[in-house]
Amino acid sequence: MATTEHRTAPTGFNLVPPPGWDVIPLHSGTKEAMNHIVRKAVAQLPAGFPKDDIPKARMKLIQEMKRVVRQASAKGGMTLYLPTERLHGVALPVSIVASEPIEIPRVRPDKGPEAVLLALASETPGAEMRELDDTAALRSERDVPADPAQGVDAAHRQVEYFVPIPDSTPDQYLTFSFSALIAPGSDPAFYDTLAELFDAVMGTFRWSYA
């Protein structure tokens, strides 16, 4: 007698950030992760940094960390990835946010998540299909202008991956968002390179079934 194979949805994912990055969970352990980053940053201050200015520097960093964490949480983030070490002496103004799974109805009952991705791709400028760990995904990229009225404080390059969770019932999707602040008059090629860095990070994406 034929048997039906029942496949199980993954319980999570693994993503390998670049060297010099730290991970901040946004549900639990957030404060501990922030404290670790602050301690590491203070330890990396130049040898000649005035000791009397260290508390002020620590407080400024804590406030900036809280702001970034608050923004990520407000957008449904569950994990925040930040560069905490300079690259060739440059502090990268970038971040990656993995957001909570969301449910999206199927285009038709007999059509799977790929139909949803194709429908979104047809309406999203700069979108293209990719594959992550044998799963079809949608990648999009755009430059977002500053618009304080809409809560966008600074112009930034945004790259997103929209990934269906295999065998989830109902269909659920993860979003991975990369953001790089755009400095006035800067070379667009620099942000192309940063976007490629994010693509390399997403290339490490693997589902976990533990």
Side-chain angles (χ1 to χ4, degrees), residues 12-99 141-148 151-161 175-206 208:
F13 64 88
N14 294 308
L15 199 66
V16 181
W21 287 54
D22 274 279
V23 181
I24 303 178
L26 299 177
H27 286 170
S28 62
T30 306
K31 184 177 180 180
E32 292 79 3
M34 290 172 58
N35 288 339
H36 168 73
I37 293 172
V38 170
R39 287 194 301 269
K40 185 166 65 173
V42 170
Q44 293 173 352
L45 289 173
F49 194 87
K51 291 185 178 181
D52 292 343
D53 291 342
I54 291 179
K56 185 186 299 184
R58 180 187 291 112
M59 183 57 64
K60 182 178 180 180
L61 180 57
I62 290 174
Q63 291 174 345
E64 177 64 16
M65 292 280 295
K66 287 182 176 179
R67 183 187 67 81
V68 173
V69 166
R70 188 165 54 249
Q71 288 180 340
S73 298
K75 295 177 181 179
M78 60 178 175
T79 310
L80 172 65
Y81 304 81
L82 289 174
T84 54
E85 296 180 11
R86 292 176 178 268
L87 180 64
H88 304 303
V90 177
L92 297 179
V94 302
S95 64
I96 298 172
V97 177
S99 297
E141 179 174 348
R142 66 188 180 115
D143 286 346
V144 181
D147 188 353
V152 182
D153 297 329
H156 61 278
R157 174 73 60 90
Q158 178 177 292
V159 186
E160 290 189 333
Y161 278 79
T175 303
F176 296 85
S177 300
F178 170 82
S179 178
L181 296 182
I182 298 177
S186 55
D187 185 356
F190 174 64
Y191 301 97
D192 294 340
T193 300
L194 293 178
E196 291 172 1
L197 172 66
F198 177 49
D199 289 333
V201 171
M202 292 306 299
T204 72
F205 176 92
R206 297 293 184 273
S208 60

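All figures in this text were calculated on a predicted structure; none of them were measured in a lab.
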Checklist entry - With distance as the sole criterion, is a donor-acceptor pair present between the side chains of Thr84 and Asp22 under 3.5 Å? => result yes
Item to check | Audit row: Ile24, Ile37, side chain to side chain contact (heavy atoms under 4.5 Å, CB included) steps and yes/no | outcome: CA-CA 9 Å; Ile24 303 178; Ile37 293 172; 3.7 Å; yes
Checklist entry - Quick one: are Leu26 and Thr79 in side-chain contact, heavy atoms under 4.5 Å? => result no
Checklist entry - Got a donor-acceptor contact below 3.5 angstrom from the Thr193 side chain to the Ala189 backbone? => result yes
Item to check | Aromatic ring proximity, centroids under 6.0 angstrom, Phe205 and Phe176 | outcome: yes
Checklist entry - Should Leu194 and Asp192 count as side-chain neighbours, where that means a heavy-atom distance under 4.5 Å? => result no
Item to check | Straight-line distance of Met78 CE to Ser99 OG, nearest 0.5 Å | outcome: 7.5 Å
Next on the checklist: Tell me if the centroids of the rings in Tyr191 and Phe178 come within less than 6.0 Å of each other.
Outcome noted: no
Checklist entry - Is there a donor-acceptor contact under 3.5 Å from the side chain of Ser73 to the main chain of Val69? => result yes
Item to check | Ser177 and Glu160 side chains, donor-acceptor separation under 3.5 Å | outcome: yes
Checklist entry - Are Leu15 and Val23 side-chain neighbours, meaning at least one heavy-atom pair lies under 4.5 Å? => result no
Item to check | Candidate pair Ile54 and Phe49, rule side chain to side chain contact (heavy atoms under 4.5 Å, CB included), full reasoning | outcome: CA-CA 8 Å; Ile54 291 179; Phe49 194 87; 3.8 Å; yes
Next on the checklist: Are more than 12 heavy atoms, taken from residues, nucleotides or ligands other than Asp187, located less than 6.0 Å from that residue's CG atom?
Outcome noted: yes
Item to check | Thr30 OG1 to Lys66 NZ distance, which is reported to the nearest 0.5 Å | outcome: 12.0 Å
Next on the checklist: Just so I know, are the side chains of Ile96 and Pro17 near enough to count as touching, which here means a heavy-atom distance under 4.5 Å?
Outcome noted: no
Item to check | Nearest heavy atoms of Arg206 and Gly203, plus distance in Å | outcome: NH1-O, 3.2 Å
Checklist entry - Between NE2 of His156 and OG of Ser179, what distance do you get to the nearest 0.5 Å? => result 4.0 Å
Checklist entry - Taking C-beta and beyond as the side chain, do Trp21 and Val94 meet within less than 4.5 Å on heavy atoms? => result yes
Item to check | Point-to-point distance, once rounded to the nearest 0.5 Å, from OG1 of Thr175 to NZ of Lys75 | outcome: 12.0 Å
Item to check | Atom NZ of Lys31: over 12 foreign heavy atoms under 6.0 Å | outcome: no
Item to check | Side chains of Arg157 and Leu181 in contact at under 4.5 Å (non-hydrogen atoms) | outcome: no
Checklist entry - So, do Val16 and Val201 sit near enough that their side-chain heavy atoms are less than 4.5 Å apart? => result no
Checklist entry - Under 4.5 Å between any side-chain heavy atoms of Met65 and Leu82, yes or no? => result yes
Checklist entry - Among all residues two or more places apart in sequence or in another chain, which pass the side chain to side chain donor-acceptor pair (under 3.5 Å) test with Glu64? => result Arg67
Checklist entry - Which atom names give the shortest non-hydrogen contact between Gly77 and His27, and what distance separates them? => result O-NE2, 4.3 Å
Item to check | Glu85 and Lys40: CA distance, side-chain angles, deciding distance, side chain to side chain contact (heavy atoms under 4.5 Å, CB included) verdict | outcome: CA-CA 9 Å; Glu85 296 180 11; Lys40 185 166 65 173; 4.2 Å; yes
Checklist entry - What pairs with Lys60 under side chain to side chain donor-acceptor pair (under 3.5 Å), at least two apart in sequence or on another chain? => result none
